[in-house]
Every structure is written in C-alpha cells, then in structure tokens.
Amino acid sequence: MFCQRARQLEDDIVKSKVVTGVHAVVQTQETIAYPTLCVLGLGYIGLPTCLAFAHAGHQVVGVDVNAETVRKLNAGELHLHEEGLENYYQEIRDQGNFTASLEPSAADVYLICVPTPIQQDKRADLSYVESASKMIAKVLRPGDLVILESTVPPRTCLDVIAPIIETECGLRQGLDYDLAHCPERVIPGRILLELRENARVIGGTTPSAAQRAAKVYRSFVEGDLMLTDATTAEMVKLMENTFRDVNIALANEFYGICESLGIDGLEAISYANRHPRVNIHKPGIGVGGHCIPIDPWFIVEAAPELSPLILQARKINDQRPHDVAERILCAAKEINAERIALLGLAFKPDIDDLRESPAVEVAALVANQFGGEVLAVEPFVHLLPKELSDIANISLTGLDEALLTADLTVALVDHSQFRNLNPQLFRSKRVLDPAHLWPKRTN
Ligand code: SAJ
C-alpha cells in the first residue's frame, strides 16, 4: 500500500502520456517530478549516471566504498577518464545537485551500479550486488524504488536482491517497495551520448515497478523505454553482449581459416559484409573489458546444457591471446630479436581502461617467455598494470623510443595514434599486426 501511495504521488506530478504497462514502448513523456536518488557505485557507469540525473534536476548522492574516489569527487576531481566527463562534472558541480559519500542516505530511488565480475570457476561473483543490497536495506523506507543497473545472471532481482532486502529490513518487493532492473547499455568513449540517446529495457518485478522506473529514467533518456519483467530484462542484456562475443569468435575463426587458405581474411569479411543481411565482426587479439568476456558466462551458468555455442565462443576468444603470443615469440626467434615493442595495452582502441585486456594478457605471456626486453607502449596510462608490474623484462616505454630500438614491433591495440603511423618506416626488422591497424602485409 505504501508503494501505491508513492506511485499515485508520482502520477499526479507526471504530465504525460502514461506508460501503458508491461511490454509497452514509451515514446515521449514530459516529467516534472524530481525524486531524490542514491546511486551505489561510482565507476564508469555509476558516476556518469549520477551526473545525468543531477543535470536533469534530481538531488543525487553517489556512494562508493573507495574513500579516495569519494574524496576526489568532492574536491572536484575525477578518478576516471571518459570523453567529455570532465567538463560535464564541472557544470554539475556548479548546479550543486551531486555529492559523493561513503554511506548511502535516504532517497526516493536507489540505483545499484556495482561491478559483477566472474570467479575463477566462471560463476558470477555477486558479492558487490549483495553488499549494495544490504547497504540499501539500512535506509530503505516503504514506498521507495530500487533499480539494479549492473549486469547479472537471470533471476538475480527475484532470487538475490529481494530476499536480501526482506531479510535485512523486512520490506517486501511489490508490496512495501518497488524493484526493477534497467541494465546499462553504454559503450566506453561514448558514455554521455549513449546514456541520453540509447533505448533502455526496464524490467519490473511487478508491472508498476517497471512503470515507476520508466518515469525516473525519462527525466534524461531520450531513447525508447521498453517495459517488461525483471528476468526478461536481465536476459536481454546478457543476450546483447553474448551476440557480440559469438560473432567476434566467428570472425576470429573465419580469419584463421582464410589464413590457412592463403587469402586475406579482412578482405573476405568486408566483402561478405556487403550482403545486406550479413554483419561479421572484426577479428583481433581476443575480447576484453568487463562485460563481453564475462556476461556470456552468466547464461552458461544459468543453462549449461542449453548453451554449447556460447561456451565454445568463449573458449575461442579466450584462446586468442595465447595464439597471438605464440606467433610473436616465433617471429622473435626467427630474427633473433633482443627487443620487442608491443603497441597498446588497453582492452580496446582509444580508452585508458586496461581491465580484462587481451593485450595485457599477450604482453604477460610474451614477457614471461622471452629472453630479451619487452617495450610496452600505452599512451593512455603512466604505470604498468599489476599483471605486468612484477615482470622484470617489461617496461612502459614511449612510442618514439620503442620504434627506434625494437627489432620486432607488434600492434596490439588499434589506437588512432598508432593507426596513423607508417609501418614501412619502422626501424624494426619485422612488424606484426594482429590487431589489423595497417593495410595488409604485416599480419
Ligand atoms: N572486439 C573485437 N571485434 C569487434 C568488436 C569488439 O575483437 O568487432 C573486442 C574489442 O577489441 C574489445 C571487446 O571486443 O576487446 C569488447 O569491446 P566492445 O566495444 O565490443 O564492447 P564493450 O565491452 O566496450 O561494451 C559492450 C557494449 N555491448 C554491445 O555492444 C552489445 C556496450 O553497449 C555495453 O553497455 C557494455 O558492453 C556493457 O557494459 O555491458
């Protein structure tokens, strides 16, 4: 009944076409309600989301367990790099709608934006979601709304979050408070733009929870809002990233087959993609980041008997860094190389994010087996990541120095800065291009 009163209040202040229920698509809505928000997790998703809500007029408290993150943000500094975020943050600070905190405080809406990694055995590690749910339970009041943005295995809202909250504070989803899942869908490098423009799927544990969540997002999301149940929304998000993983595995497999036939795999893929219903992805050194190599495992965990294709794609993409490292070591041996330059460590082009990066994995495999020196070039960072910092024969090196001193140069990441180089002018005896930066010849 508390939820009903909260919904009624919001309905009264939302002048609009009303969301028409589960499986509806909300096209336009003019919102004048400004519920307060408390966002748990201030990473690449949580922070920009806080700022988007604050910009739209909501009072937002962002919570993070990292004291340094909270200190920096309250001092006006950012702890991460994302296109346009610096200026956006200064603008929001001037408005005064956002503060960072170590503890959650009472709000109308709670958003969970914490990481969901996998464990050694490839099962989901939901410990951050669990502890965020416990933190929320301490301040949750009847009539509030909880929205999960983190990517999770199917049924997490129903089987993990709702029971934790009920055990911790006695409030029941659907009766005392509302619970919904609205998975983030933005891509690093375009986060601010995509937050605003992308369509969002919003799944409620009840239809009215989805409708309430849709009203909240409508304050800044211009894309369609697709309403459904929570488990469908959880599955939709996993299917999106799994589609990409499987397609990249197919591209990697095609490329290897083309190579064995002595033909140019990139040319073959680009011609196949001229068919109006074909879109083969780009082959490369493997799949990185904290989403695409992780999320398919959540489906495998939920339905192991029904997911042989998804599992195989994961294995194919996980094998890529090993094959690339082996090829580099063979080439180094052939030319008696003393120094190898590895261009790029990030998990994809033009970002500073090295987490789950196949380039870092290649660098570690090469450095551990190579007798000479490995010069890692990564213009987006100032320090080697922990996976590499303890290896004696690898160092972070400037691009010019690496190109001047290496015997073998290898492109691992398609950063624009590298793409514009002419490999013909390198001093090294040999150039390898498994990331496909430069036209032909060097793969
Ligand atoms: N990659 C390839 N070949 C390709 C495309 C990508 O090898 O054709 C590699 C990249 O080099 C990188 C990895 O895949 O190592 C992932 O890169 P990405 O750009 O495909 O995706 P992410 O992880 O940055 O973001 C994805 C996005 N999902 C989809 O495009 C379906 C994004 O919209 C999600 O919000 C994000 O995952 C997430 O957080 O789940």
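Order of appearance sets the numbers: ligands from 1, and atoms from 1 within every ligand. Hydrogens, waters and symmetry mates are skipped; everything else that's a heavy atom, side chains included, is used.
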Arg339 and Asp407: CA distance, side-chain angles, deciding distance, salt bridge (Lys or Arg N to Asp or Glu O under 4.0 Å) verdict:
CA-CA 6 Å; Arg339 279 185 208 88; Asp407 307 304; 5.2 Å; no
Evaluate Phe98 against His55 for ring pair (Phe, Tyr, Trp, His ring centres under 6.0 Å), listing each step before the verdict.
CA-CA 9 Å; Phe98 170 76; His55 187 255; over 10 Å; no
Test salt bridge (Lys or Arg N to Asp or Glu O under 4.0 Å) applied to Glu184 and Arg200, step by step
CA-CA 8 Å; Glu184 58 85 8; Arg200 301 289 292 252; over 6 Å; no
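The protein non-hydrogen atom at the shortest distance from atom 21 (O) of ligand 1 is Ile292 CD1, 3.5 Å. Scanning all protein heavy atoms for the shortest distance to atom 8 (O) of ligand 1 gives Lys282 N, 2.7 Å. Residue, atom and distance of the protein heavy atom nearest to atom 39 (O) of ligand 1 are Glu184 OE2, 2.4 Å. When only non-hydrogen protein atoms are considered, atom 33 (O) of ligand 1 lies nearest to Arg185 O, 2.7 Å. The protein heavy-atom contact nearest to atom 17 (O) of ligand 1 is Lys348 CD, 3.8 Å. Scanning all protein heavy atoms for the shortest distance to atom 12 (C) of ligand 1 gives Phe347 O, 3.3 Å.
Residue Glu240 approaches ligand 1 through these ligand atoms, each under 4.0 Å from one of its heavy atoms: 31 (C). Each of the following atoms of ligand 1 lies closer than 4.0 Å to a heavy atom of Pro188: 24 (O). The Ile248 neighbourhood of ligand 1 comprises atoms 1 (N), 2 (C), 3 (N), 4 (C), 5 (C), 6 (C), 7 (O), 14 (O), with distances under 4.0 Å to a heavy atom of that residue. Remark: ligand 1 atoms within the under-4.0 Å shell around heavy atoms of His281 are 8 (O). Close approach to Cys291 involves these atoms of ligand 1, each under 4.0 Å from a residue heavy atom: 36 (C), 37 (O), 38 (C), 39 (O), 40 (O). Taking every non-hydrogen atom of Val287 and a distance limit under 4.0 Å, the qualifying atoms of ligand 1 come out as 13 (C), 14 (O), 15 (O).
Among the atoms of Thr151, none of the N or O lies under 3.5 angstrom from an N or O of ligand 1.
Of the possible donor and acceptor atoms, none in the side chain of Glu356 sits under 3.5 Å from a partner among the backbone N and O of Phe347. Between the side chain of Asn241 and the backbone N or O of Lys237 there is no donor-acceptor pair closer than 3.5 Å.
Checking each of Glu194, Glu149, Glu240 against Arg185 for a salt bridge (charged side-chain N to carboxylate O under 4.0 Å, His left out) leaves exactly one that passes, namely Glu240.
Within the 4.0 Å heavy-atom criterion, the part of Arg244 lying near ligand 1 is the side chain and not the backbone.
Residues Val410 and Pro434 approach most closely at CG1-CD, 3.7 Å, considering heavy atoms.
At least one heavy atom of Gly288 sits less than 4.0 Å from an atom of ligand 1. Judged by the shortest distance from any of its heavy atoms, Lys237 lies inside the 4.0 Å radius around the atoms of ligand 1.
The nearest non-hydrogen atom to atom 32 (C) of ligand 1, considering only Thr116, Asp353, Val186, comes from Val186. Considering only non-hydrogen atoms, atom 25 (O) of ligand 1 lies nearest to Ile187 out of Ile187, Leu238, Ile45. For atom 31 (C) of ligand 1, the choice among Asn317, Asn241, Ile285, Asn247 with the nearest heavy atom turns out to be Asn241.
By the 30° and 60° cut-offs, the orientation of the rings of Phe426 relative to Trp438 is perpendicular.
Applying the 6.0 Å contact sphere to CD of Glu83 captures no more than 12 heavy atoms from other residues, nucleotides or ligands. Under a cut-off of 6.0 angstrom, the local environment of CD in Glu326 is sparse, with at most 12 non-hydrogen atoms contributed by other residues, nucleotides or ligands.
Atoms OG1 and CD1, on Thr228 and Ile202 in that order, are 11.0 Å from each other to the nearest 0.5 Å. With rounding to the nearest 0.5 Å, the separation of CD1 in Ile147 from CG in Asp178 is 9.5 Å.
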